[in-house]
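All remarks here apply to the structure that follows.
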Amino acid sequence: MKLKYGLGVLIILIIIIALYGTINTESQYERIDIAGSTSVQPVAEALAQEYMKTYPKVKINVQGGGSGLGIRSVSQDIIAIGTSSKNLKTNEKGSLQEYVIGKEGIVIAVNVNNPGDDLSKEQLKDVFSGKIKNWNELGGPNAPIDVVVREDGSGTRKAFEDMVMGKNTKVRSDAIVQTSTESVKLTVKQDPNAIGYISLVHMSSDVKVVKLNGISPSLETIVDGSYKLQRPFMFLTNGEPKGAVKEFIDWCLSPEGQKIVVKEKVVPVTT
Amino acid sequence: MSRWTEEYFIEKGLLLTAISSIIIIGLIIIFIFKEGIPAIQSYGFFNFVFGMNWSPSEGQYGVFPMIIGSLGITLLSLLMAVPLGLLCAIFLAEVAPARMRKVLNPTLQTLAGIPSVVYGFFGLILLVPFMRAQFGGTGFSMFTASVILTVMILPIIVSVSEDALRSIPHEYKEASLALGATHWQTIKNVIFPAAIPGVITSVILGMGRAVGETLAIIMVAGNVVQIPGSIFDPVRALTSNIAIEMGYATGIHYNALFATGIVLIFMIIVLLIIANYLHYKKKVTIGGGYL
């Protein structure tokens with residue numbers, strides 16, 4: 001019995017050593033760690049995949065975690081590139097370099113059975129602040145409005161509040177908090193009285209898009225600036241980027257990289 | 001190796017493992033306090049614990065609504081799970097034929113083994129729309145969360161209570177039946193009272209899981225920081241608060257989340273003390289019944 005255990009332990013040790021060996025051989029690759037905003041994640045992943053195809057010597061690892069995590073980890077040099085879907089506060093900036101890789105729209109979504117499809121920015125503000133509490137005030141059926149928001153700290157929430165709510169108005173305190181774009185979408189899809197905001201990248205036919213001042217969000221309306229709810233997608237580095245990181249960011253900003261950005265429904269940077 | 005040295009090493013080895021668990025808990029508590037105390041100091045203890053407003057972007061860190069949220073969800077789920085679980089345990093231990101037990105026990109074990117995220121997803125897809133249709137509102141509520149928790153803690157309460165009921169010596173039952181009591185009278189007046197300490201243990205364990213549950217609650221409770229006006233209002237639990245904002249928190253906000261953890265630890269300690277006190281009290285009054 002004892003011998004058996006010993007043998008088992010030995011085999012496990014050998015496997016671990018073997019695994020370690022294979023991982024070690026990979027370290028001859030250049031490794032770039034990217035983490036941050038979950039909104040930027042799909043684009044960053046697509047960019048990374050395409051880049052690794054062209055430059056197999058580079059290994060790029062993309063993670064989510066939120067804009068705050070991206071900003072914090074990159075300023076602590078835990079990762080090479082942090083991603084953010086909101087503009088940095090002055091106290092967050094420090095020695096961080098910002099590279100806007102694209103712009104993105106925030107879409108106001110309602111349930112597919114909701115008859116309304118157009119709101120003014122003022123109406124939107126009143127709905128989210130709780131001044132308008134019933135759909136009949138907006139010409140809809142007599143039903144309470146269920147406001148769905150993201151959690152405090154989310155880049156999407158920050159961007160929405162900066163652009164719609166302004167400095168002095170707060171989102172109503174009894175709004176349902178969901179922790180990801182997908183769960184906001186799911187809630188809106190299920191609840192006929194719900195309204196929420198999601199990023200354009202995640203938009204699908206499960207929910208209905210609300211026009212803002214008569215303009216529906218699309219690549220064109222975001223490029224020409226007529227759709228107002230838009231925000232930057234940023235790569236952040238701590239200080240001037242060097243070597244592989246610099247090459248990657250340069251590639252992302254090149255026409256080749258921007259093509260991928262467009263494919264992901266993100267608005268390219270106009271240069 | 002002589003018998004004496006072998007004994008010595010086994011003894012010390014066991015001591016070491018026992019101590020290591022204490023050391024680990026100690027280190028975790030020290031770390032949480034080290035990270036959390038600065039927030040409580042700078043924001044003020046009373047403002048923190050009894051503050052009604054949690055909005056980190058404006059520097060407001062009051063956790064009182066979340067304490068109420070956590071307590072409310074936990075108590076509501078215990079209210080549903082304890083009677084259900086106890087009756088189920090009595091059925092399994094005393095009434096159910098062996099064949100039925102063979103089916104029910106593995107089913108309950110499976111229920112206990114399902115990961116909480118699956119419960120949460122189930123709740124989000126099925127229970128939330130159901131609650132919205134039945135009780136109005138958004139469907140995200142303290143009640144929805146408690147229903148999910150009830151299913152999650154039920155297996156713990158059933159299996160531990162069942163063991164307690166089963167470990168009552170056969171002589172008790174035989175003596176009661178011999179005195180002319182019916183089966184139900186025997187269960188009600190002899191077996192159940194004698195098993196109460198074990199039943200309380202099962203409730204403590206269930207409560208521990210309910211207070212600590214995070215993911216499933218995030219998905220169905222709505223996470224609104226408010227004192228609920230009714231059980232159909234959305235709430236946020238202390239655990240959810242940490243998990244939701246962890247990724248974004250910097251500076252004092254980060255410390256405030258650890259301070260939330262401190263509050264959670266104290267809440268669990270208080271609940272444990274109350275439960276252990278009941279346990280101890282029942283143990284004395286039942287006398288020889290405790291096993």
Side-chain angles (χ1 to χ4, degrees), chain A residues 35-38 63-73 75-76 84 86 89 91-92 94 111 143-158 161-162 165 167-168 170-180 182-184 186-196, chain B residues 52-62 65-66 69 120-121 123-133 136-141 144 214-215 217-229 233-237 240-251 253-254 256-257:
Chain A
S37 166
T38 45
Q63 286 172 14
S67 299
L69 180 103
I71 296 165
R72 197 167 65 235
S73 319
S75 29
Q76 290 169 354
S84 171
K86 59 166 192 180
K89 283 184 251 171
N91 65 347
E92 284 172 336
N111 191 272
I145 301 178
D146 294 335
V147 175
V148 186
V149 297
R150 289 287 306 278
E151 71 278 19
D152 214 330
S154 139
T156 316
R157 175 180 175 137
K158 185 79 184 49
E161 287 184 354
D162 286 348
M165 306 309 286
K167 275 223 159 66
N168 302 316
K170 280 200 281 183
V171 170
R172 57 194 281 189
S173 61
D174 60 349
I176 296 293
V177 179
Q178 286 295 322
T179 51
S180 71
E182 282 304 323
S183 48
V184 170
L186 191 65
T187 309
V188 172
K189 180 187 162 190
Q190 289 177 343
D191 185 349
N193 303 324
I195 184 168
Chain B
M52 300 298 284
N53 193 0
W54 175 275
S55 107
S57 48
E58 287 150 30
Q60 299 285 321
Y61 304 104
M66 290 176 259
F121 198 58
L124 184 60
I125 300 290
L126 287 172
L127 207 57
V128 168
F130 177 77
M131 292 289 174
R132 175 163 47 236
T138 53
F140 293 99
S141 70
T144 317
T214 313
L215 205 55
I217 304 283
I218 290 182
M219 294 169 88
V220 299
N223 308 316
V224 179
V225 184
Q226 63 175 11
I227 291 187
D233 280 349
V235 291
R236 184 184 288 194
S240 314
N241 190 45
I242 301 175
I244 290 171
E245 292 177 5
M246 197 171 47
Y248 306 109
T250 46
H253 183 192
Y254 178 78
L257 291 185

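Protein chains get the first letters and strands the later ones, always in sequence-line order, with residue 1 at the start of each.
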Nearest 0.5 Å please: distance from the CG atom of A:Asp152 over to the NE2 atom of B:His253. 6.5 Å

With a 4.5 angstrom heavy-atom cut-off, could you sort out which part of A:Arg157 is near chain B: side chain, backbone, both or neither? neither

Side chain from CB out, backbone as N, CA, C, O: work out which of these in B:Pro234 comes under 4.5 Å of a heavy atom of chain A, or both, or neither. side chain

Where do A:Asp174 and B:Gln226 come nearest, in terms of heavy atoms and distance? CB-OE1, 3.5 Å

So how far is it from A:Gln190 CD to B:Thr138 OG1, rounded to the nearest 0.5 Å? 11.5 Å

For B:Phe140, which of A:Val177, A:Asp191, A:Thr187 qualifies under side-chain contact (heavy atoms from CB on, under 4.5 Å)? A:Thr187

To the closest 0.5 Å, what do you measure between CD (B:Glu58) and NZ (A:Lys170)? 4.5 Å

Max heavy-atom pairs within cutoff under 4.5 Å with chain B, candidates A:Asp146, A:Leu69, A:Leu186, A:Ile176, goes to A:Ile176

Who passes side chain to side chain donor-acceptor pair (under 3.5 Å) against A:Ser183, sequence neighbours left out? A:Gln178, A:Ser180

Option that, when pairs with chain A are counted at under 4.5 Å, heavy atom only, ranks first among B:Pro129, B:Ser55, B:Ala243: B:Pro129

Looking only at heavy atoms, which two atoms of B:Val224 and A:Ser173 are closest? And how far apart? CG1-O, 3.0 Å

Could you list the residues that satisfy side chain to side chain donor-acceptor pair (under 3.5 Å) with B:Ser240, not counting sequence neighbours? none

Return the OG1 to CD distance between A:Thr179 and B:Glu245, rounded to the nearest 0.5 Å. 11.0 Å

Does any heavy atom of chain B fall under 4.5 Å from the side chain of A:Ser67, the backbone, both, or neither of them? backbone

Decide yes or no for A:Glu151 and B:Asn223: does some side-chain heavy atom of the first lie under 4.5 Å from some side-chain heavy atom of the second? no

